[in-house]
Amino acid sequence: MRLRARGNTGFKNRVLDVVAEIPQGETRTYRQVAELAGSPDAYRAVGNIMKGNRNPNVPCHRVVKSSGEVGGYNAGGPRRKREILKSEGVLLA
DNA sequence: CGTATGACGTGCA
DNA sequence: GTGCACGCCATAC
């Protein structure tokens, strides 16, 4: 895996895969996820995908903004996301 | 096929 | 430190 070069619509699938590989206790910025997914400038699409994504295998709550903010969350609101991160042992800004 | 939307990022006032 | 505006990519309708 990991072949699909840019241009393939597999971006979404890639983002989910990358996020699913994020170790517990660690956080990645939308920028990093987009870059690992193959499009360092598609952080916009990343957030959009996470929003529409509902996969429990994808710890989207581990994806935060580059500013250090947790960003947003769909299942419970940003407040819930922050709580989860704290529960994982993540030091929030 | 074209338009609208977005869980972002950066810059400037 | 805060607020507003623009730009970027991909998805969904």
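A quick note: this is a predicted structure, and the numbers were derived from the prediction, not measured. Reminder, nothing fancy here: chain letters follow the sequence lines and each chain counts from 1.
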Gap separating the CG atom of A:N74 from the CZ atom of A:R80, nearest 0.5 angstrom
12.0 Å

Salt bridge or not for A:E83 and A:R79, using N-O below 4.0 Å?
yes

So, are A:R62 and A:E88 salt-bridged, with charged N and O less than 4.0 Å apart?
yes

Which whole-number value in Å describes the distance from A:M50 CE to B:dG6 P?
17 Å

Heavy-atom closest contact (A:R28 atom, A:V33 atom, distance):
CB-CG2, 3.9 Å

Ignoring backbone atoms, establish whether A:S39 has a side-chain N or O less than 4.0 Å from OP1 or OP2 of C:dA10.
yes

Look up atom CG in A:N55 and atom CE in A:M50, then write down how far apart they are to the nearest 0.5 Å.
10.5 Å

Rounded to whole Å, the CD-C1' distance (A:E69 to C:dG1) equals 13 Å

Whole-Å gap separating C1' (C:dA10) and CD (A:E35):
17 Å

Over all heavy atoms of both residues, which pair between A:P40 and A:G38 is shortest? Give the atoms and the distance, please.
CD-O, 3.7 Å

Identify which one of A:V70, A:I84, A:T27 satisfies the side chain to side chain contact (heavy atoms under 4.5 Å, CB included) criterion when paired with A:H61.
A:I84

By nearest atom, which of the nucleotides C:dT11, B:dA7, C:dC9 is closest to the A:N74 side chain?
B:dA7

Roughly, in whole Å, what's the span from CD1 in A:I49 to P in C:dT11?
6 Å

Please report, rounded to the nearest Å, how far the C1' atom of C:dC9 is from the NZ atom of A:K51.
16 Å

Which part of the nucleic acid does A:K65 contact within heavy-atom distance under 4.0 Å: base, sugar-phosphate only, or nothing?
sugar-phosphate

What is the distance from CD1 of A:I22 to C1' of B:dA7, rounded to the nearest Å?
13 Å

Pick out the pairs of N or O atoms, protein on one side and nucleotides 10-13 of chain B on the other, that lie under 3.5 Å.
{"from": "B:dT10", "atom 1": "OP2", "to": "A:S66", "atom 2": "OG", "distance (Å)": "3.4"}

d(CG, A:N13; P, C:dA12) in whole Å
12 Å

Output the rounded distance in Å from CG (A:D41) to P (B:dG6).
21 Å

What does A:A45 touch in the nucleic acid at a heavy-atom separation under 4.0 angstrom: a base, only the sugar-phosphate, or nothing?
base

